[in-house]
Amino acid sequence: MKFNVRSRGDHASNVLTQRVKSYLEEFGLVYDEEEPEIVISIGGDGTLLEAFHQYAYRLDETSFVGVHTGHLGFYADWQPEEVEKLVIHIAKTPFKIVEYPLLEVLIRHTNDLETERYLALNECTVKSMEGSLVMDIEIKGEQFETFRGDGLCMSTPSGSTAYNKALGGAILHPSLASIQLAEMASINNRVYRTIGSPVVLPEHHTCLLKPRSDVDFQVTLDHLTLVQKKVKSIQVRVAAEKIRFARFRPFPFWKRVKESFI
Ligand code: NAD
């Protein structure tokens, strides 16, 4: 089996990365950065987000597992002391795969440049580079509201415990193939009105954000930030692709939520 090990880049993560790499090679696994079947991320959730984006084009052939060298991560749930055990599990393939839903983001431009397509594991956020964000929001082809405020956050179920949670969004179990739309400080008064609470959309329901004016937008996809100009629309929905996590022992989602937050 072909593998890659990705480090956050700090000393502790680099040392552990070298150890995991040589253990796996001793078991006869092949180090391959181009086409790994399993990617071991060593660092934190951010390291796993980076690994996901590196291999987002071959999710059908790649599984992920995360080791945390800092505090317990949502995606990085193995401890450094457990890596020998983890390596033995990996070497004894086949292992169990758990799939989580992803967010698909399509950005279309007014000058009809090619549509840009992205996937997010946690969320996509949209903010204006100038003043309030003003966007018409369509859900399933129907005008829903005109949003005015700081920004919008569209998250996956596994991302619902990240930025979405800080915005008062609900925590969704990753078995619910859905996306959540959460507001960032919407303006609500006698003139402007938004729903004011997070909205959860099922699979196949698209949400379309249409700018009211030609300003530049800051669009984030997990840890990545883009500046988007001449935006005609930003479309989000549950992606056809899923991320595959290699699971070697049960660690139920609600247990992870409890251990991370309570
Ligand atoms: P970072 O270094 O700023 O870390 C963000 C924190 O979010 C870390 O503690 C990380 O462990 C945690 N995190 C990441 N994914 C999570 C998840 N699915 N559930 C629970 N916690 C999670 O940035 P980073 O490590 O590059 O991660 C980028 C993420 O940061 C974004 O995807 C976004 O969700 C999050 N973020 C949160 C806020 C906020 O809560 N106000 C603001 C900006 C970004």
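In what follows, residues are counted from 1 in the order of the sequence shown. First listed ligand is number 1; within each ligand, the first listed atom is number 1.
- Applying the salt bridge (Lys or Arg N to Asp or Glu O under 4.0 Å) rule to D214 yields the partners K230; only residues at least two apart in sequence or on another chain are considered.
- Side-chain contact of E116 with Q228: a donor-acceptor pair under 3.5 Å is present, judged by distance alone.
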Less than 3.5 Å apart, N/O on ligand 1 and N/O on the protein: could you list those pairs with the distances?
{"from": "ligand 1", "atom 1": "11 (O)", "to": "D45", "atom 2": "OD2", "distance (Å)": "2.7"}
{"from": "ligand 1", "atom 1": "13 (N)", "to": "D45", "atom 2": "OD2", "distance (Å)": "3.4"}
{"from": "ligand 1", "atom 1": "15 (N)", "to": "N122", "atom 2": "ND2", "distance (Å)": "2.9"}
{"from": "ligand 1", "atom 1": "18 (N)", "to": "Y75", "atom 2": "OH", "distance (Å)": "3.4"}
{"from": "ligand 1", "atom 1": "18 (N)", "to": "N122", "atom 2": "OD1", "distance (Å)": "3.0"}
{"from": "ligand 1", "atom 1": "18 (N)", "to": "S158", "atom 2": "O", "distance (Å)": "2.9"}
{"from": "ligand 1", "atom 1": "19 (N)", "to": "T161", "atom 2": "OG1", "distance (Å)": "2.6"}
{"from": "ligand 1", "atom 1": "32 (O)", "to": "N122", "atom 2": "ND2", "distance (Å)": "3.0"}
{"from": "ligand 1", "atom 1": "32 (O)", "to": "E123", "atom 2": "OE1", "distance (Å)": "3.3"}
{"from": "ligand 1", "atom 1": "32 (O)", "to": "E123", "atom 2": "OE2", "distance (Å)": "2.6"}
{"from": "ligand 1", "atom 1": "34 (O)", "to": "E123", "atom 2": "OE1", "distance (Å)": "2.4"}
{"from": "ligand 1", "atom 1": "34 (O)", "to": "E123", "atom 2": "OE2", "distance (Å)": "3.4"}
{"from": "ligand 1", "atom 1": "34 (O)", "to": "Y163", "atom 2": "N", "distance (Å)": "3.2"}

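- Between R193 and E145 there is no salt bridge, since no side-chain N of the basic residue sits under 4.0 Å from a carboxylate O of the acidic one.
- Applying the ring-ring contact (aromatic ring centres under 6.0 Å, His included) test to residues at least two apart or on different chains, the pairs with a partner in residues 32-62 are H53-H223.
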Please tabulate, one pair per line, all N/O donor-acceptor pairs under 3.5 Å involving side-chain atoms of residues 162-174, not counting sequence neighbours.
{"from": "Y163", "atom 1": "OH", "to": "K127", "atom 2": "NZ", "distance (Å)": "3.3"}
{"from": "N164", "atom 1": "ND2", "to": "S160", "atom 2": "O", "distance (Å)": "2.9"}
{"from": "N164", "atom 1": "ND2", "to": "A170", "atom 2": "O", "distance (Å)": "3.0"}
{"from": "H173", "atom 1": "ND1", "to": "S175", "atom 2": "N", "distance (Å)": "3.0"}
{"from": "H173", "atom 1": "ND1", "to": "S175", "atom 2": "OG", "distance (Å)": "2.8"}

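- Inspection of the T220 and T225 side chains reveals no N or O donor paired with an N or O acceptor under 3.5 Å.
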